[in-house]
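Okay, so here's the structure we're looking at.
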2 protein chains.
Amino acid sequence: MSDTAVPRTPSKPVTGRPADREGGAGRHGNASRRIADGLRAAILSGELPPGSRIRQEEVAAQYGASRIPVRGALNILQSDGLVTLIANAGAWVAQLNLAECEEAYQLREQIEPLLISASLPGLTAEKLDRMDDLAARMERAATPEDFLHLDREFHDLSYSGAETVVLADFVCRLWNMTQQYRLAFYRLFEEQGSEIVHDEHRMLVRALREGDADQAGLVMRGHIRRTRQALAQHPELFDGARPGAS
Amino acid sequence: MSDTAVPRTPSKPVTGRPADREGGAGRHGNASRRIADGLRAAILSGELPPGSRIRQEEVAAQYGASRIPVRGALNILQSDGLVTLIANAGAWVAQLNLAECEEAYQLREQIEPLLISASLPGLTAEKLDRMDDLAARMERAATPEDFLHLDREFHDLSYSGAETVVLADFVCRLWNMTQQYRLAFYRLFEEQGSEIVHDEHRMLVRALREGDADQAGLVMRGHIRRTRQALAQHPELFDGARPGAS
DNA sequence: TCCCATGGAATTGGATACAATAGACCCACC
DNA sequence: GGTGGGTCTATTGTATCCAATTCCATGGGA
């Protein structure tokens with residue numbers, strides 16, 4: 001009797017870090033989720049660079065659990081596209097080559113304008129103010145890590161007005177897949193700090209304040225497209241054995 | 001030493017049924033994958049309708065395995081968007097409401113034209129002939145199940161020329177997520193058999209033969225858009241407790 | 001000197017057994 | 001008669017142990 005019509009929504013990450021729900025506790029319930037969150041954070045922060053191997057036993061010891069929940073966590077991360085599992089061989093942090101990364105950016109180009117349009121009606125003035133604040137803090141960011149963190153917060157906020165599920169999940173997945181390469185990319189420009197990005201962010205907030213969804217979509221599309229083309233000019237970020245990857 | 005640069009490609013499903021690689025054996029290696037494939041087939045065929053509960057023990061007994069690989073399979077399917085897992089509660093076949101299904105179709109509208117463009121250069125004359133054959137057989141399909149199966153084969157083939165990874169994976173995911181609702185949809189029109197679909201398929205093959213990627217993309221976009229709008233006129237396919245869902 | 005086969009070790013995959021949580025049912029109480 | 005609490009069962013999550021596979025190194029041969 002209780003088998004029908006139980007969970008309506010797929011309970012997906014939405015936009016921000018996944019699995020922030022559960023009331024924040026999660027102390028006992030599922031170690032898999034907790035480990036997955038920890039590993040995800042490590043991967044997204046660059047602590048675990050692409051291509052690095054993940055050994056079940058190490059992770060289990062690190063989190064004070066057995067290998068079973070670690071395997072669950074790895075499965076979850078594989079579904080997020082952050083980890084590559086090969087049967088009877090092991091797990092590695094997912095690695096994209098230039099072509100795959102460009103695919104991800106082409107996808108973002110196509111679907112993020114949709115998401116910003118869906119989000120616009122739900123963006124309150126308070127949220128837009130916070131976006132302005134984040135954009136300003138981004139201009140003063142000291143390190144690429146800080147910059148990227150603020151950048152993600154900014155865009156997450158810009159999408160927070162959307163009540164979509166599938167769309168937001170896909171966008172989140174694409175952001176996660178490419179996060180490490182954005183980090184490597186911005187490390188190249190640590191000193192100069194591209195001014196264009198800040199202009200684009202201001203343009204985005206302006207368009208959102210004016211309620212112009214089409215304009216906001218165009219800004220986003222240009223923003224992503226420009227980044228994609230800039231990335232394509234630095235193939236050394238891919239394939240090449242990363243310095244501290246061992 | 002062996003930790004760097006091992007698996008380049010994320011080893012994703014590509015377009016067709018996932019995990020058809022592995023040399024076809026897979027007898028012993030990973031039961032998780034085998035169970036996931038079985039469950040996926042059951043879900044996509046409609047045998048397990050949306051909202052139905054999946055009990056680990058039942059599946060384990062059915063496949064002659066323990067619950068551990070079943071858990072792995074459920075994680076995989078969750079990542080595919082086919083299953084909803086709730087900690088300490090259980091697993092259910094993922095269920096979309098009308099809004100979420102429309103999101104999926106909006107996404108398809110945006111990204112499948114990209115995929116057909118990427119696929120066009122790799123489409124041989126032989127493949128195009130097979131597409132013609134499939135389109136013809138679709139016109140004579142007896143049941144919605146047959147029709148849908150042929151339809152998927154047709155479109156999979158149309159995308160088989162693409163060497164993309166991320167793009168094809170996303171499209172495959174969207175097809176899987178919405179497959180059950182397409183089935184329900186076509187069951188409504190079992191008798192009349194929409195003629196438009198066949199026209200669109202012929203138009204697609206024609207555009208592909210002429211090497212007109214833009215035209216092919218437009219056909220696909222229209223094809224998907226029309227289906228989305230038709231679906232929106234049948235909200236009874238969603239939410240409502242399905243007949244044999246118990 | 002290079003290549004291939006064979007051994008061992010490390011790592012992953014799976015089965016069984018145990019603990020903990022969530023839901024359901026029943027009963028007492030208001 | 002309705003509601004709250006309590007217990008009980010079914011199901012899921014985790015730990016420990018064992019088997020299978022893969023990778024690496026070493027040794028023999030061409």
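Each chain gets a letter, A, B and so on, in the order the sequences are listed, and its residues count up from 1.
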* Heavy-atom contacts under 4.0 Å between residues 64-75 of chain B and DNA chain D, which residues? ->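 Those residues whose heavy atoms fall under 4.0 Å from DNA chain D, taken from residues 64-75 of chain B in numerical order, are B/R67, B/R71.
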Between the main-chain N or O of [Y] and the side-chain N or O of [X], is there a donor-acceptor pair closer than 3.5 Å?
{"X": "A/Y181", "Y": "A/L96", "value": "yes"}
{"X": "A/Q110", "Y": "B/I111", "value": "no"}
{"X": "B/T178", "Y": "B/L174", "value": "yes"}
{"X": "B/S32", "Y": "B/G72", "value": "no"}
{"X": "B/Q180", "Y": "B/G46", "value": "no"}

Could you list, one pair per line, each protein nitrogen or oxygen that sits under 3.5 Å from a nitrogen or oxygen of nucleotides 5-11 of chain D, together with the distance?
residue	atom	partner	partner atom	Å
D/dT11	OP1	B/R55	NH1	3.4
D/dT11	O3'	B/R53	NH2	3.4

* Asked: Do the non-hydrogen side-chain atoms of A/E145 and A/Y186 ever get within less than 4.5 Å of each other?
  ->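 No, their side chains stay 4.5 Å or more apart.
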* Asked: Within a strict 4.5 Å, meaning less than it, do heavy atoms of the B/I224 and B/M220 side chains meet?
  ->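 The answer is yes, as the side chains (C-beta and beyond) meet within the 4.5 Å cut-off.
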What is the distance, to the nearest angstrom, from the [atom1] atom on [X] to the [atom2] atom on [N]?
{"X": "B/L85", "N": "C/dT21", "atom1": "CG", "atom2": "P", "value": "19 Å"}
{"X": "B/R33", "N": "C/dT12", "atom1": "CZ", "atom2": "P", "value": "16 Å"}
{"X": "A/I86", "N": "C/dT11", "atom1": "CD1", "atom2": "P", "value": "17 Å"}

* Look at A/S32 and D/dT14 and indicate whether a side-chain polar atom (N or O) is within less than 4.0 Å of OP1 or OP2. =>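 Yes, such a contact exists.
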* Cationic tip of B/R108 above B/Y105 ring, under 6.0 Å, 45° of axis ->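 Positive - B/R108 is close enough to the ring of B/Y105 and near enough to its axis.
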